[in-house]
Amino acid sequence: MTATTETATTATTPTTQTTPTTPTPPRPSTTSGSAPAAASPAGPPDAGAAAGLHSSVITWFGANARDLPWRRPEAGAWGVMVSEFMLQQTPVVRVLPVYEQWLDRWPRPADLAAEAPGEAVRAWGRLGYPRRALRLHGAAQAITERHGGEVPSEHGQLISLPGIGEYTAAAVASFAYGRRHAVLDTNVRRVFARAVSGVEYPPNATTAAERKLARTLLPDDETTAARWAAASMELGALVCTAKSPECGRCPIAGQCAWRLAGKPAHAGAARRGQTYAGTDRQVRGKLLAVLRDTSAPVPQSQLDAVWHDPVQRARALDGLVSDGLVEPLAGGVYRLPLT
């Protein structure tokens, strides 16, 4: 979701399948003439224009959607939920092997809930942002205790689960159960910013105006709305990408306000990618890697060996303990959490 990565559809997407027999729409011309000065953001399209967007993007999706395991019917709602947690700020290529191993080991929420939370952290491997593993474990426990082990279908019940926010609740309800919800990840927000608002990038954080626009664009029919959510996300992941949009193969290039305005450059502050090398995140990852590789408690001296700066190392370890990812024991040893 939602994240700056190309989240796979859904990053998560529904149980929609590729339909090779659907013809790919013709490629519109990318010629736009002289680029005018940046135009004011366009307003939302009328009903007819919105229906045209829906039809074009959904048809494109039928012919071009990736065959991802969480889109298959056998994935079920739990498979969709697991993928949503994993795909946050993480590319599909990194998620796929961990996702398969996770579902093989824990095919139902109750299976994960029965394990210690540290096992979820261990299985998370190097996906990054390991607190997601703890949150998914907490959600599995709540699903088991409150919902008989079945992922709920109602948005209100989903959002009440630990670790699940507005985006994830909407994504699971839409992709797993075909419900009508606006699913706004980074890919969808970028598509809407360009195609409808006429700007290159959406704001750094989701705004009320974006949510209103997403609701305005949402098809009335539940099935179509769920398909639209998945299709617009896939379009942002594969075609309307952040750095190199391929307007020549975009099914809505002829309706794209940003392209028709001459592709005005982003007017806001420079967008910077996240750094990793030398950060506390890198140190935390190195410390966790030591703990994941053994089931026995690890002495402080073994953790000290992974990073040269004692101040940064201590700060990173304290952060892991504070986040519940590492459990300190008597005698200066540490382990992944058991409770």
Side-chain angles (χ1 to χ4, degrees), residues 1-20 22-30 42 44-45 49-68 70-71 83-84 87-88 91-93 167 170-171 174-175 178 180-202 206 210-211 213-219 223-261 263:
M1 355 184 164
T2 179
T4 55
T5 61
E6 295 179 0
T7 63
T9 134
T10 105
T12 312
T13 278
T15 57
T16 52
Q17 302 298 306
T18 320
T19 310
T22 304
T24 303
R27 298 182 179 184
S29 168
T30 57
L53 289 174
H54 300 154
S55 176
S56 296
V57 175
I58 289 173
T59 297
W60 171 87
F61 183 66
N64 295 278
R66 290 168 289 180
D67 179 20
L68 299 171
W70 44 86
R71 291 179 173 168
S83 74
E84 279 301 333
L87 287 162
Q88 295 167 18
V92 171
V93 67
Y167 165 78
S174 178
F175 300 143
R180 183 179 181 271
H181 292 285
V183 184
L184 273 177
D185 83 333
T186 299
N187 291 309
V188 176
R189 294 175 61 224
R190 187 170 56 253
V191 169
F192 290 177
R194 290 173 179 169
V196 180
S197 301
V199 295
E200 186 176 13
Y201 297 117
T206 306
E210 288 181 282
R211 293 188 179 94
L213 174 61
R215 290 193 298 269
T216 301
L217 289 173
L218 199 59
T223 301
T224 306
R227 187 80 167 167
W228 163 251
S232 55
M233 190 176 292
E234 189 81 329
L235 184 66
L238 299 183
V239 175
C240 193
T241 60
K243 295 181 179 179
S244 303
E246 298 185 56
C247 299
R249 66 186 190 97
C250 177
I252 55 172
Q255 299 165 264
C256 177
W258 180 61
R259 176 183 168 275
L260 294 173
K263 299 183 180 179

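All residue numbers in this chain count up from 1 along the given sequence.
Residue A229 comes nearest to V188 through the heavy atom pair O-CG2, 4.4 Å, listed as atom of the first residue, atom of the second, then distance. Here the closest heavy-atom approach between residue P251 and residue V57 is recorded as CG-CA, 4.4 Å. The nearest pair of heavy atoms linking A225 to L218 is CB-CD1, 4.0 Å. Considering all non-hydrogen atoms of both residues, P45 and L217 come closest at CG-CD2, 3.5 Å. Contact detail for V183 and A170: the closest heavy-atom pair is CG2-O, 3.8 Å. The minimum heavy-atom distance between A231 and F61, with the atom names listed, is CB-CB, 3.5 Å.
Ring pair F192/W228 is parallel by interplanar angle, where below 30° counts as parallel and above 60° as perpendicular.
Without hydrogens or angle criteria, R194 side chain to E200 main chain gives a donor-acceptor distance under 3.5 Å. With hydrogens and angles ignored, the 3.5 Å screen pairs a side-chain donor or acceptor of E234 with a backbone N or O of R66. Without hydrogens or angle criteria, R180 side chain to P219 main chain gives a donor-acceptor distance under 3.5 Å. Under a 3.5 Å cut-off, the side chain of S56 and the backbone N or O of G52 do form a donor-acceptor pair. With hydrogens and angles ignored, the 3.5 Å screen pairs no side-chain donor or acceptor of R227 with any backbone N or O of I58. Checking side-chain atoms of R190 against main-chain N and O of G236 turns up a donor-acceptor pair under 3.5 Å. Between the S55 side chain and the A51 main chain, no donor and acceptor come within less than 3.5 Å of each other. In this structure a side-chain-to-backbone donor-acceptor pair under 3.5 Å is missing from Y167 to D185.
To the nearest 0.5 Å, atom CG of residue L238 and atom SG of residue C250 are 11.5 Å apart. Here the straight-line distance linking atom CG of L53 with atom CD of Q255 works out to 4.5 Å at 0.5 Å rounding.
Tested against K263 for a side-chain contact (heavy atoms from CB on, under 4.5 Å), the candidates P245, C247, C256 yield a single pass: C247.
Residues satisfying the salt bridge (Lys or Arg N to Asp or Glu O under 4.0 Å) criterion with R189, sequence neighbours excluded, are E210.
Identified under the salt bridge (Lys or Arg N to Asp or Glu O under 4.0 Å) test for residues 238-248, with sequence neighbours left out: E246-R249.
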Any chance you could lay out the side-chain contact (heavy atoms from CB on, under 4.5 Å) test for V239 and N64, step after step, and finish with the verdict?
CA-CA 10 Å; V239 175; N64 295 278; over 6 Å; no
